Structure formats: C-alpha cells, structure tokens
Amino acid sequence: MVGNRGTESDEIQRRYFERADAERFRWTTGAPGFAETEDALLASVLDGIAGLCLEIGCGEGNNLVRLSRQVRCVGIDRFFAKLAFAAQRVPGVAFSAADAAALPFRNGSFRTVFIRDLLHHVARPEAVLAEAVRVLAPTGCLCLLEPNGRNPILKLQARLVPAEAGIRASTVAHIHKLLSGMPLTNLRVWTMEPLQLRRVLLHYRFGFPGIGRYEIARRGLSTLERLLGRAVPRSRWAYIAARAARAG
C-alpha cells in the first residue's frame, strides 16, 4: 500500500499495512483451492503484457510472483517490512520504497504499470494515476484491479474494517471517471468475479482453508460459485478491472 489520506486516516492505513503478512502471501500464492483463483483473476487482466513492468503498491509480492513469470518487474511500496519480505520471496524483481504519488522514475520508463487494491486507500487517487501514466512509455499498458463497492460482501468489509472504508466509493463509474481524465486510449473498464464465496470460505484467517486440499471440495465450491453467481448482476461483481494504453 502506498500513499496518504490525511493524518488520521493515514495512521489507520499505516497500522493496517505496515507489517508483512506472511500467512496471506502463502495463501494467495500456494493455497490449494484458492491460489488458482488468483491465477485466473490476474491472467485475464494482464494478458499479453510486455516489457519492463512496474507494480505500484506491491506489498509482500503476491502479484509479482505471477507477473515475474511473464516479464521483468519492479515493485514499489511505502512499507519497508513488506518490501524486505517480497525481496526474499520473489527473486529477480527490483524493489524500491516510494510514494505512489511521487514515483522515483523517469517519464516513459515502463511498458506496463499494474495497480491493484490501492486507489481506495489513498486520498488522491488521481495523483497516483497521473504518476502511473507519466512513467508509462507511449502505447504502454496500464492495468488496474480495484474492489467493487457495490458488491454486498465488500460493502460489509468496508463497514467492518476501518482501513477498507474507501471501498464504498469504489465503483465502475468512479474508476471510469478517474481514468477518462488521463492521457490514455483504448480504455476498457469491466467487472469480474461474480461471487467471492471461495475467498470467504477458504480465507486464511476467518475461513477453512484446509478444505481446499480436497478435490471434491474444490469441485463443489466451483459448482456452487457458478450457480449462485448467475444471480449476481454484473454491476455488483466483486472486482473492477481496467486496461488502457498510454497515448502516443
């Protein structure tokens, strides 16, 4: 997580994010029944990326495990403990401590910039996006993933977790408006993952991740998610994804 929301809110964010979460890293990158969910989510957003890639707000390196299999990567984050953890778990990736609204890179340094679950934590998302676009090379690809504040499960999370309160303002219209003001072309914004059932039931702290080891349980969850997901309107799906190219 990188950026500032003001003194009080920034302190909430700092307390929530400053420590490396090793258990979450293991869950997202290797837990049976869940890691493949993350694989599929990222694959559809990052399909076809090329060149040097920057992840803004890389945390423990959960996404970089997958990104670094495709391209050379650089990760930045505000919190040193997370960067130190990521550097040990994701070899071959360069890491730097930085503020997302003041990136230490020259214009056009990257062919791809990826931002996930960050904008709803910062006070000025437009400043973060302006920096992301600045360091993109002409025709380079900006890839974005944010929670959808219209999703019922995420609405509950926003109420229960103070550091996630910004989810309530995270909507397709909000993301589209932020990106429409940037020098980007071929902008596409869409929703993904109709039901977060697996993320809840297999959660590493509050769920039962052990059941993901059993193939019959994984099949059952997939079937249930598919059936129940049909009842969820696309506007309320869990993730907002976006892709756009830097104007030449």
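For clarity, every value in this text was computed on a predicted model and none was experimentally measured.
Judged purely by distance below 3.5 Å, without hydrogens or angles, the side chains of Ser222 and Arg198 pair a donor atom with an acceptor atom. For Thr139 and Arg111, the side-chain atoms include at least one donor-acceptor pair closer than 3.5 Å.
With hydrogens and angles disregarded, no donor-acceptor distance shorter than 3.5 Å links the side chain of Arg218 to the backbone of Gly33. Not one N or O on the side chain of Ser68 forms a donor-acceptor pair closer than 3.5 Å with the backbone of Cys73. Under the 3.5 Å distance criterion, the side-chain polar atoms of Arg236 are matched with a main-chain donor or acceptor of Arg150. Judged purely by atom type and a 3.5 angstrom limit, Glu126 has no side-chain atom pairing as donor or acceptor with the backbone of Leu178. At least one donor-acceptor pair under 3.5 Å links the side chain of Glu146 to the backbone N or O of Asp117.
Counting all heavy atoms, side chain and backbone alike, Gly51 lies closest to Val71 at O-CB, 3.2 Å. In terms of heavy-atom proximity, Ala158 sits nearest to Ile167 at CB-CB, 3.9 Å. The two residues Leu103 and Ala132 make their nearest non-hydrogen contact at CD1-N, 4.2 Å. Scanning all heavy atoms of the two residues, the minimum distance from Gly248 to Pro138 falls at CA-CB, 3.9 Å. A pairwise comparison of heavy atoms in Ser170 and Pro147 identifies OG-O, 2.5 Å as the closest pair. The shortest non-hydrogen separation linking Val128 to Ala101 is CG2-N, 4.4 Å.
With a 4.5 Å cut-off on side-chain heavy atoms, Phe34 and His203 do not count as touching. Inter-residue side-chain proximity for Thr191 and Asn151 is flagged as unmet; no heavy-atom pair is nearer than 4.5 Å. For the pair Asn63 and Leu145, the minimum side-chain heavy-atom distance is 4.5 Å or more. Residues Pro183 and Arg246 have side chains in contact (heavy-atom distance under 4.5 Å, counting atoms from C-beta outward). Two residues are said to be in side-chain contact when any heavy atoms from C-beta on lie closer than 4.5 Å; Ile153 and Gln157 fail this criterion. By the 4.5 Å heavy-atom criterion applied to side chains, Ser180 and Leu187 are counted as neighbours. Using a 4.5 Å cut-off on side-chain heavy atoms (C-beta onward), Leu142 and Leu179 make contact. Between Phe114 and Leu42, the closest side-chain pair of non-hydrogen atoms falls below 4.5 Å.
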Exercise. Run the side chain to side chain contact (heavy atoms under 4.5 Å, CB included) check on Ser96 and Val74 step by step: do they pass?
Worked result: CA-CA 8 Å; Ser96 178; Val74 175; 5.5 Å; no

For this session: Just do the ring pair (Phe, Tyr, Trp, His ring centres under 6.0 Å) check on Phe17 and His121 with the steps written out, would you?
Result: CA-CA 10 Å; Phe17 285 107; His121 290 296; 4.7 Å; yes

Exercise. Checking salt bridge (charged side-chain N to carboxylate O under 4.0 Å, His left out) for the pair Glu225/Arg199: CA distance, chi angles, key distance, verdict?
Worked result: CA-CA 11 Å; Glu225 282 182 326; Arg199 293 182 182 274; over 6 Å; no

Problem set entry | Check against salt bridge (charged side-chain N to carboxylate O under 4.0 Å, His left out), Glu11 and Arg14 | CA-CA 5 Å; Glu11 179 62 18; Arg14 184 191 64 78; 2.4 Å; yes

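Leu67 CG to Thr112 OG1: the interatomic distance, rounded to the nearest 0.5 Å, is 8.5 Å. Separating the CD1 atom in Ile216 from the CZ atom in Arg219 is a distance of 8.0 Å, to the nearest 0.5 Å. Going from atom SG of Cys58 over to atom CG of Leu64 covers 5.5 Å, rounded to the nearest 0.5 Å. The structure places CG of Asn148 at 11.5 Å from NE2 of His174, a figure rounded to the nearest 0.5 Å. Atoms CZ and CG, from Phe208 and Leu202 in turn, are 10.0 Å apart once rounded to the nearest 0.5 Å. For the atom pair CZ of Arg78 and CD of Glu18, the computed distance is 9.5 Å after rounding to the nearest 0.5 Å.
Between Glu55 and Lys82 there is no salt bridge, since none of the side-chain N atoms of the basic residue sits less than 4.0 Å from a carboxylate O of the acidic one. A salt bridge links Arg134 and Glu131; the closest N-O separation between the charged side-chain nitrogens and carboxylate oxygens is under 4.0 Å.
Of the listed residues (Thr29, Asp39, Thr28), just one forms a side chain to side chain donor-acceptor pair (under 3.5 Å) with Arg66, and that residue is Asp39. With Leu136 as the fixed residue, the side-chain contact (heavy atoms from CB on, under 4.5 Å) test singles out one of Asn107, Val113, Leu54: Val113.
Within the cation-pi definition used here (under 6.0 Å to the ring centroid, within 45° of the axis), Arg24 does not qualify as a partner of Trp27. Figure legend: Arg89 and Phe85 shown as a cation-pi pair, the cationic atom lying under 6.0 angstrom from the six-membered ring centre and within 45 degrees of its axis.
Hydrophobic cluster membership differs between Tyr204 and Leu41, with clusters built from Ile, Leu, Val, Met, Phe, Trp and Tyr side chains linked at under 4.5 angstrom. Under the 4.5 Å side-chain contact rule for hydrophobic residues, Val189 and Leu119 share a cluster. Ile115 and Met192 are members of different hydrophobic clusters when ILVMFWY side chains are connected at heavy-atom separations under 4.5 Å. Taken together through direct or relayed side-chain contacts under 4.5 Å among Ile, Leu, Val, Met, Phe, Trp and Tyr, Leu83 and Ile76 form parts of separate hydrophobic clusters. Both Val232 and Leu224 are members of a single hydrophobic cluster when ILVMFWY side chains are connected at heavy-atom separations under 4.5 Å.
Dense packing is recorded around CG of Leu160, with more than 12 heavy atoms of other residues, nucleotides or ligands lying under 6.0 Å away.
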